[in-house]
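Numbering of ligands and ligand atoms starts at 1, following listing order. All values below were derived from every heavy atom in this structure, side-chain atoms included, with hydrogens, water molecules and symmetry-related copies excluded. Positions are given from 1, in the same order as the sequence printed here. Just so it is clear, the structure is predicted and the values come from calculations on it, not from any experiment.
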Amino acid sequence: MSVLGKGSGSSVKMPVITIDGPSGSGKGTICQKLAEALGFHLLDSGALYRLTAVAATEQGVDLADQAAVAQVARQLDVQFKSSEKGVLAFLSGRDVSRDIRLEEAGMGASKVAAYPEVREALLDRQRAFEQQPGLIADGRDMGTTVFPDAPVKIFLTASAEERARRRYQQLLERGESANLRALLEDIQARDTKDMQRSASPLKPAEDVIEVDSTSMPIEEVLNLVLKVVSERIKLSV
Ligand code: C5P
């Protein structure tokens, strides 16, 4: 198990590694591998927005009604459990891991994520993941808003075409049908929405390290991030 290096005096700075970037940049895979390699906790903040959208839809709440959606976010009964298949998400005890990965849940998440009241409602829930021995935080505003003091901040990107291609491949591997052009349009629409909203838009933090994964194999990205982590955080493994 990894143990955190001590800060000055009695205060111990928690090693939080934020990985922000657009959909399909490889954040999810990198974050999971990093959490495994370092023995850290993992926050998939996108899943919280997806869960909010799915729960609201199930409860018959209009996604255009900010106050009502924020109320759903405040009352979310969510549990995450590690399994061989990765992290499973439960809503009021029901496994919704598959439902929240559907394209419509992604679009719903992007819609509710633009509401400041919803972002506020999910803030403490996200910060509660900051626990010893450390945290890998995956999202859009991890380094800018949720964990601004994180010692390591990465902004992971890839071209929209490459991200659409990865998503296309992923869907085919799952035995689902997919249309590359539609996926590219969906990714571009989501990018625009995430970057142009006024509440915590997707943008690199000032002290971030940008990594373009367009033509980098996942192992190479992982090694690069691990190198940065070892330079910035004193870990005794
Ligand atoms: O990362 P993922 O694709 O699961 O996120 C779904 C949506 O949730 C994103 O398109 C984005 O609109 C929103 N999101 C966000 N802030 C985060 C994580 C996700 O706005 N920290």
Check: Leu171 and Leu183 side chains under 4.5 Å, non-hydrogen atoms
yes
Gap between atom CZ of Arg50 and atom CG of Asp99 - 0.5 Å precision:
11.5 Å
Going by side-chain heavy atoms closer than 4.5 Å, which hydrophobic residues are tied to Leu202, directly or by a chain of links?
Phe155, Met195, Val208
Under a 4.0 Å heavy-atom cut-off, what residues line ligand 1?
Ser23, Lys27, Ser45, Gly46, Tyr49, Arg50, Arg101, Ala109, Ser110, Ala113, Arg119, Gly139, Arg140, Asp141, Met142, Arg190, Asp194, Arg197
For the residue pair Val16 and Ile136, establish whether any side-chain heavy-atom pair is separated by less than 4.5 Å.
no
Interatomic distance, Leu180 atom CG to Arg167 atom CZ [nearest 0.5 angstrom]:
12.5 Å
Side chains of Leu42 and Val87 in contact at under 4.5 Å (non-hydrogen atoms):
yes
